[in-house]
Amino acid sequence: MSVYQKNELEEEETSRTLSLIVDNQPGTLARVIGLFSGRGYNIESLNVTEIDKIRNLSRISLVTRGTSMTIEQIKSQLLRIVPVHIVRDLTLEGPFIKSELALVKLVVKGANRVEALRIAETFRARTLDVTLSSFVFELTGKPSKLDAFIDLMRSLGDTEVSRTGVSAISRGDKTETKLLDQI
Amino acid sequence: MTLNYMTGAEAVIQALVDNKVEVIFGYPGGAVLPLYDALFENKKIKHILVRHEQAAVHAAEGYARSTGKVGCVLVTSGPGATNAITGLTDALMDSVPVICLSGQVPTHLIGTDAFQEADTTGISRPCTKHNYLVKNADKLCETIHKSFEIASSGRPGPVLIDLPKDIQLTNVKYIKKPPKIKKHNHYYSNVDEDLINRVAKLLLQAERPIIYAGGGVVNSGPKASKLLTELVNLLDCPVTLTLMGLGCVPNTNKNFLGMLGMHGTYEANLAMHNCDFMLNVGARFDDRVTGRLNAFAPNSKKVHIDVDKSSINKVVSVDYGIVGDCKEILSLLVQEVKKLHNQKVLNSKTKWWSQINKWKERDSLGFKQIGNNIKPQQAIKSLYEKTIDFDTYITTEVGQHQMWAAQYFGFSKPNHWMTSGGLGTMGYGLPSSVGVQIAHPKSLVIDVSGEASFLMNMQELSTIVQYKLPIKIFILNNEWMGMVRQWQELNHGSRYSESYTSSLPDFVKLAESFGITGLRVDNIHNLEATIDEMINTNGPVIADIRVEKEENCFPMIPSGAAHNEMILSSDDNVKDTSNEGLALV
C-alpha cells in the first residue's frame with residue numbers, strides 16, 4: 001500500500017450503478033471515459049444512447065466498483081465535467097431496475113439443437129435467426145440471467161455474444177423531468 | 001441584442017473585447033492568420049509576441065494570477081497547440097483562469113492528417129477545465145462567451161477553443177455577451193446557517209486550533225484574504241499557508257507560522273501535527289503538504305472549505321466539508337464568530353501558544369552565513385530586505401530556489417507571488433514574469449530563478465527586450481539541478497546522475513547579447529551592492545548570483561515521512577528513506 005493512501009481499514013468495494021444525463025455532443029463520452037482511465041477508476045459496464053432529441057441529451061448508465069469514498073469522488077469528479085448535467089447513484093438512492101440485452105449466436109447441429117431451443121424457451125429468449133447449423137437468440141433481463149443463459153449455450157456449441165451493457169432506471173414515480181427542464 | 005455581420009475572426013476578437021480582454025499572448029502561424037489579420041491595427045487588444053507557445057500560456061498565467069483577470073492566449077494549430085499543453089496543464093493544476101484560442105485546419109480537412117493538424121481537443125481534454133472545437137460558425141460567439149464564464153467561475157481553470165481556419169473566414173452574425181450566462185448546475189454550495197454555526201463553535205472551543213489556507217483564498221479575491229486575516233486576529237489562532245496561499249495573510253502577522261509542508265517551518269508542521277482542530281480554507285491536502293497520510297494531524301477534527309466539491313474527502317476525510325466560495329464562507333464565519341464571541345469566552349490558547357513558541361525557538365529557517373561564499377538563503381533574504389519598500393511581484397521557476405524564495409521572501413499581499421505549485425514546471429518563472437510586468441508596468445517584477453530552470457525558457461529574453469519590460473532575473477546559480485542533486489544525496493547515496501549543469505552560458509555576456517544589463521556576484525560582501533544595482537537599473541537585468549554549490553534546502557519532511565519526522569539540517573540523524581518513500585516523487 002502506498003504511504004499516501006489512507007491507512008484505515010479499507011472498506012470493501014461494492015458495485016454501484018450510476019445514471020448520468022449528459023449533452024449529446026462529440027467528446028462527452030471521451031470525457032467520461034477519460035476521467036475513469038485517468039484517475040484509475042473501474043468501469044464494469046457502460047451504456048449510452050440519446051434519450052431526448054429536442055434537448056439533445058443522452059443517458060449514460062454506468063456500473064462501477066469502489067469503496068464509498070471512491071464512489072463519492074467519482075460522482076464529484078463526474079459533475080465537474082461541463083456537459084454532464086445529472087449524476088444519479090441508483091444503488092444508493094433507492095430501488096431501481098437494471099436490464100440488459102444480449103444477442104447470442106449458437107453454431108450447433110444434431111440433438112443439441114432441440115436442447116438449445118428448450119433452454120431458450122425456458123429463459124424466454126426470442127429466436128431471431130435460424131439456419132440448419134445455427135441460431136441467433138435475443139434475451140433481455142438482469143446481467144446474471146444473461147450470464148447463466150450464455151454459459152448454457154457455450155456448453156452446446158460455438159457461441160458468439162453481443163451485449164448492450166446495463167441500462168438502468170429508478171423505480172417509482174420519481175423522475176428527472178424537473179431537473180432536465182432547468183438544463 | 002445587437003446583430004452585426006463580420007468574419008469569424010473579427011467576431012472572435014470582438015468577443016474578446018466584450019469579455020474585457022486587454023492583452024493576448026501569442027505566436028502566429030498558418031491556421032490563425034485570419035485572427036492575426038483581425039488583430040492587426042486593433043486598438044483595444046494588445047498582442048504580446050512570445051517566443052514559444054508554452055511561454056504564452058505561462059505569461060497569461062502570470063497576468064491572470066497577478067490581476068485576478070482571465071489570461072488570454074492565441075496559438076496556431078498542430079505544434080502551436082501541442083507546445084501550449086504544458087502551460088495548460090500547469091494552469092489546470094494551479095486553478096488559473098486562462099482562455100487559449102488555437103487555430104485548426106479547415107473543417108473539411110479535419111481527420112485527413114493535413115499539414116499542422118493535430119487532434120487538439122483530444123490532446124487537451126484531460127489538461128483543460130473544458131474545451132471546444134467550433135465546427136459551426138453560428139455557435140462561435142456563444143462559445144467564446146461561455147468559455148470565459150467556465151474559465152473564471154467556480155474553481156478557475158484553462159479553457160481551450162479550437163478554431164478551424166474556414167470558421168475564422170466565414171461571415172457570422174456577431175452576438176453580444178448576454179448580461180447573464182446561466183451557470184452550469186454543478187456550481188452549488190452547501191452553506192447553511194447551521195453548518196456555519198457548528199464550525200464557528202468548534203473554532204472557538206478548540207484548545208489547539210490551526211487555520212491552514214491555500215490558493216483558493218487568493219483565487220477568491222483580495223477580500224477573502226482580508227477576511228481570513230480578520231478571522232485569524234479575532235480568534236488569536238495560529239495560521240499557516242501553503243505554497244500557493246502565500247500572501248493571503250501578511251507575513252508580518254504575529255499569528256503566521258510560515259509555510260507548511262515538505263519545506264515548511266518546524267512550528268507550522270508541528271502545529272498541524274498536534275492540533276485538535278484544523279480549518280482548511282481553499283487548500284487541497286496536497287501530498288507536499290500532508291506528508292504521510294496515516295500520520296497526518298492524527299488527533300484533530302477537520303473542516304474543509306473548498307469551491308470544488310471533489311476536493312473534499314479526496315485524500316483526507318474531514319468532519320465537515322463546506323462547499324462554496326471562500327470569501328462568502330469566511331464572511332459568514334467571521335460574523336458568526338463575532339456573534340458567539342460576545343456570548344461565550346473564547347477558549348484560552350495560552351498553553352497552545354507557549355508550545356508553538358517553543359517550536360519557534362528551534363529556528364528551523366536559521367542558517368549560517370560564514371566565509372565569502374554566498375548562501376542562497378542569504379541571497380533571498382537580502383533581496384527581500386532590499387525590495388521591501390517596492391510593490392514587488394515575485395515569480396519563480398521550480399526547485400531549491402523556489403523553496404528558498406517561499407521561505408525567506410515575505411509576502412504581505414496576495415497576488416504578488418507566482419509559482420508553479422501543482423505541476424512544478426521548470427521554466428515557468430521567466431515567461432510568467434512577462435505577464436506580470438505587462439499587467440503591472442510600474443511595479444518591480446523579479447524572476448527568482450535557478451540556472452537550470454532559466455535555460456528552459458530563456459528564449460523569452462527576446463520578448464522582454466522587445467517590449468522593454470524591466471524584469472529583474474535573479475539567478476541563484478549553483479551549477480546543479482539543485483533539488484535533483486539534493487534528492488540524489490539524500491535518497492541515492494550521492495550518486496549525482498546527470499544533475500550537473502555543464503556548459504552553462506556566461507550569463508553576463510548572454511544579457512549583453514540581448515542588449516540588457518548583466519551582473520555577476522560571487523562574494524557575500526558584494527551581494528547587497530549587486531542587488532541595489534539590479535533594482536536601480538532601468539530596464540531588464542540578469543543577475544548571476546553564484547551561490548554555495550551544494551547547499552541543501554531545509555527544513556524538510558523526507559518523502560514518506562510525517563510532519564513530526566522532519567529534519568532541520570544535514571546534521572540531523574537522517575533515517576534512511578523507507579522503501580515506500582523512495583517510490584514517491
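The chains referred to below are lettered A, B, ... by the order of the sequence lines, with proteins before strands, and numbering in each begins at 1. Just so you know, these numbers come straight off a predicted model, no measurement behind them. Computed over heavy atoms, backbone and side chain alike; hydrogens, waters and symmetry mates excluded.
- Between A:E50 and A:R59, every side-chain heavy-atom pair lies at or beyond the 4.5 Å cut-off.
- Under the 3.5 Å distance criterion, the side-chain polar atoms of B:D94 are matched with a main-chain donor or acceptor of B:G422.
- Listed for the A:R113 side chain is a donor-acceptor partner under 3.5 Å among the backbone atoms of A:V108.
- Among B:H130, B:K309, B:K314, the residue making the largest number of heavy-atom pairs under 4.5 Å with chain A is B:H130.
- At least one donor-acceptor pair under 3.5 Å links the side chain of B:N190 to the backbone N or O of B:G321.
- Heavy-atom neighbours of chain A within the stretch residues 131-150 of chain B, taken at a separation under 4.5 angstrom, comprise B:N131, B:I150.
- A salt bridge does not link B:R284 with B:D306: none of the charged nitrogens is closer than 4.0 Å to a carboxylate oxygen.
- The existence of a salt bridge linking A:E121 and A:R118 is excluded, since no basic side-chain nitrogen approaches an acidic carboxylate oxygen closer than 4.0 Å.
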